[in-house]
There are 2 protein chains.
Amino acid sequence: MTSTTSSGEIPLEARTLAERVFQQLQDAIVRGELPAGSKITEPGLAQTYGISRGPLREAMRRLEAHRLIEREPHVGARVVKLSMRELLELFDMREALESMAARLAARHMTTDEVQALRDVLVAHEEQGDLDQAEAYYQREGDLDFHYLIVRGSHNRMLMTTLCDDLYYLVRLYRTQYSARGGRPQRAFIEHHRIVDAIASGDEELAEQLMRRHVIAARQTVAERYAMSLDDDRDLSKSNGRALSRRTPSA
Amino acid sequence: MTSTTSSGEIPLEARTLAERVFQQLQDAIVRGELPAGSKITEPGLAQTYGISRGPLREAMRRLEAHRLIEREPHVGARVVKLSMRELLELFDMREALESMAARLAARHMTTDEVQALRDVLVAHEEQGDLDQAEAYYQREGDLDFHYLIVRGSHNRMLMTTLCDDLYYLVRLYRTQYSARGGRPQRAFIEHHRIVDAIASGDEELAEQLMRRHVIAARQTVAERYAMSLDDDRDLSKSNGRALSRRTPSA
DNA sequence: ATTTCCCTGATTGTTGACAATAACCATGAC
DNA sequence: GTCATGGTTATTGTCAACAATCAGGGAAAT
């Protein structure tokens with residue numbers, strides 16, 4: 001029960017084709033193999049995954065409900081492309097839900113769960129200090145931290161909404177905007193304070209600290225976006241395609 | 001753009017069978033025609049709605065993602081049955097999301113939208129006072145109030161999560177537990193204060209009032225449940241099946 | 001030259017049939 | 001009498017073919 005990070009581990013109980021291809025597609029989208037905004041064609045995917053269109057369509061319907069693809073009747077489906085506006089909306093939702101999760105975690109988390117949370121924290125710090133360039137792992141590691149708190153809330157509905165819906169969108173954003181963690185040391189300090197508040201059972205403080213943590217992350221993203229816009233303006237008509245919104249070729 | 005209440009109005013742009021049957025099933029579940037916990041058989045539903053199993057299964061996959069049905073591979077699907085624990089979890093999520101919605105509404109709502117909100121409020125009051133027994137409408141009416149605030153947040157992701165996911169579960173609970181609105185006059189007062197806070201642009205107050213509003217509703221439900229448990233205990237082994245959890249026949 | 005219309009191609013929507021799995025019931029052994 | 005075991009049946013999972021709809025291109029008319 002160490003890590004919830006999704007590496008290539010697809011076949012966690014995939015007893016049906018539709019289930020398996022759903023997880024595969026979810027992974028492919030989040031990892032950027034299916035680029036954001038690219039069109040999805042049913043015969044193509046069916047051949048790629050070696051299945052018929054029936055189960056594939058069911059998987060796509062689930063992806064649609066999870067907001068990972070968008071679909072227009074009789075036209076087709078395409079991988080969702082997060083605009084900056086939608087990304088900021090996503091942060092507002094995270095602020096609301098994760099602050100509530102932190103509050104509930106402070107109320108319900110067991111000592112074992114708190115200890116596991118601390119373990120994850122020191123593991124990240126060591127890894128982060130040792131190999132700064134290997135921020136790839138810190139990416140998922142940050143999510144691990146949040147995963148554990150959400151699980152600590154002991155609220156199943158909150159867990160599924162955050163872990164099964166929102167966090168996939170968060171990871172999609174990280175690939176779409178090629179965004180690394182950013183502000184690691186400050187985040188570590190905030191993480192520690194949050195854990196301390198949870199460990200001491202201070203609901204109010206835990207909620208407030210998590211709220212500010214998410215707000216700070218949101219602000220970092222917003223500032224970075226503003227800066228990239230300036231860059232685009234400076235570079236005028238050169239190849240400043242850092243955050244441009246043109247459709248990637250299929 | 002008066003009311004968002006769902007009466008029999010299914011065919012709002014249902015260009016495909018799967019879409020149409022999805023909405024029909026959603027409605028049937030929420031209205032109690034498909035009782036909570038009842039088993040769903042594909043051939044049965046396919047014949048009932050006069051379609052094939054293909055589109056039906058896609059609709060069911062969407063319902064599954066929206067948590068209105070639960071599905072076990074090779075076994076079957078059944079309408080979700082909210083336990084009291086899950087119901088309280090639902091209230092925690094509402095507290096988090098709706099308080100955020102109220103904050104954003106205070107920030108973004110236009111004067112027109114605020115006026116529409118006030119109109120809905122007085123309409124409900126008149127109706128509620130005139131015909132107390134007709135609490136049926138007050139039910140959906142209460143949701144109308146919350147709908148308008150969520151829409152006023154101008155956060156599309158929040159809108160879909162609350163309106164397309166959570167609110168259907170709320171309505172399902174209302175039919176499952178045969179719960180009427182309860183505490184109408186106190187709720188009216190709270191509604192008014194919330195609207196005032198939103199109108200004055202006081203984000204902090206709007207969020208806090210909405211949070212307390214949801215908490216109060218949650219507490220009412222919890223107390224009512226405790227009372228019903230007492231009733232069951234008093235009635236001993238008679239037909240005290242107010243909140244029992246036995247499976248309805250298919 | 002531009003616009004409109006139609007035709008072609010491809011993709012999506014839908015269907016019915018086939019295969020696989022699991023629940024149910026009866027039979028038999030201990 | 002109880003438990004294990006087998007067969008039967010119904011339901012789910014999957015597939016390939018058919019029908020309907022939309023996008024794109026080219027020809028004809030203004």
Side-chain angles (χ1 to χ4, degrees), chain A residues 10-26 28-29 34-35 37-66 68-81 246-250, chain B residues 10-26 28-29 34-35 37-66 68-81 246-250:
Chain A
I10 298 115
L12 57 160
E13 62 168 336
R15 299 178 55 190
T16 178
L17 281 185
E19 178 73 14
R20 185 156 68 233
V21 75
F22 168 73
Q23 296 181 357
Q24 285 179 303
L25 281 175
Q26 200 176 25
I29 292 174
L34 289 179
S38 64
K39 183 167 185 194
I40 283 181
T41 156
E42 292 180 9
L45 280 189
Q47 191 172 358
T48 301
Y49 291 99
I51 63 170
S52 178
R53 281 179 51 211
L56 176 69
R57 282 172 65 91
E58 295 181 22
M60 288 175 66
R61 274 288 162 37
R62 291 183 58 185
L63 289 173
E64 181 192 10
H66 284 288
L68 283 177
I69 68 175
E70 284 170 349
R71 176 179 264 269
E72 195 173 358
H74 297 284
V75 173
R78 49 183 60 242
V79 179
V80 74
K81 197 168 54 171
R246 58 183 67 103
T247 30
S249 59
Chain B
I10 299 117
L12 55 160
E13 64 167 333
R15 300 179 55 190
T16 178
L17 281 185
E19 177 73 13
R20 184 158 66 235
V21 74
F22 167 74
Q23 296 181 357
Q24 285 180 304
L25 280 175
Q26 200 176 24
I29 291 175
L34 289 178
S38 64
K39 183 165 187 202
I40 284 181
T41 158
E42 294 180 8
L45 279 190
Q47 191 172 358
T48 301
Y49 291 97
I51 63 170
S52 179
R53 280 179 51 215
L56 176 68
R57 282 173 64 91
E58 295 181 22
M60 288 175 66
R61 274 288 161 40
R62 291 183 59 184
L63 289 173
E64 181 192 10
H66 285 288
L68 283 176
I69 69 175
E70 284 170 349
R71 174 179 265 270
E72 195 172 358
H74 297 284
V75 173
R78 51 183 59 242
V79 179
V80 73
K81 197 167 56 170
R246 60 184 65 105
T247 31
S249 60

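To find a chain, count down the sequence lines: A is the first, B the second, and so on, and within it residues start at 1.
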- Query: Is there a donor-acceptor pair under 3.5 Å between the side chain of T48(A) and the backbone N or O of G44(A)?
  - Reply: yes
- Answer yes or no: is there a donor N or O on one side and an acceptor on the other, between the side chain of R78(A) and the main chain of G37(A), under 3.5 Å? yes
Per [X] side chain, nearest of listed nucleotides [options]:
X	options	value
A18(A)	dG13(D), dT14(D), dT14(C)	dT14(D)
E42(B)	dT15(C), dT12(C), dG13(D)	dG13(D)
L17(A)	dT14(D), dG13(D), dT21(D)	dT14(D)
T41(A)	dT15(C), dT12(C), dG13(D)	dT12(C)
S52(B)	dT15(C), dA16(D), dG13(D)	dT15(C)

- Ranking P43(B) and P55(A) by the position along DNA chain D of their nearest nucleotide, the one closer to 5' is P43(B)
- Message: If you assign E72(A) and V75(B) each to the DNA chain D nucleotide with the nearest heavy atom, which residue ends up on the more 5' nucleotide?
- Response: V75(B)
- Drop me the distance from M60(A)'s CE to L25(A)'s CG, to the nearest 0.5 angstrom. 8.0 Å
- What distance do L68(A) atom CG and L34(A) atom CG have between them, rounded to the nearest 0.5 Å? 10.5 Å
- Message: Need one value for G54(A): base, sugar-phosphate or nothing, where a base atom within 4.0 Å counts as base even if backbone is also close, heavy atoms only.
- Response: nothing
- Task: Could you tell me whether L56(A) contacts a base, only the sugar-phosphate backbone, or nothing, with contacts defined as non-hydrogen atoms closer than 4.0 Å?
- Result: nothing
- Report yes if a side-chain nitrogen or oxygen of T16(B) is closer than 4.0 Å to either non-bridging phosphate oxygen (OP1 or OP2) of dT12(C); otherwise report no. no
- Message: Measuring to OP1 and OP2 of dG13(D), would you say a side-chain N or O of R20(A) lies under 4.0 angstrom away?
- Response: no
- In whole angstrom, give the distance that lies between atom CD of E19(A) and atom P of dT21(C). 16 Å
- Item | Side chain R53(A) and base dG13(C) donor-acceptor under 3.5 Å | yes
- Message: As a test of understanding, state which of Q26(A), E19(A), Q23(A) forms a side-chain hydrogen bond (donor to acceptor under 3.5 Å, both in side chains) with R62(A).
- Response: E19(A)
- Query: Could you give the angle between the helix axes at the two ends of the helix from dA1(C)-dT30(D) to dC30(C)-dG1(D), with five pairs per end, rounded to 10 degrees?
  - Reply: 10°
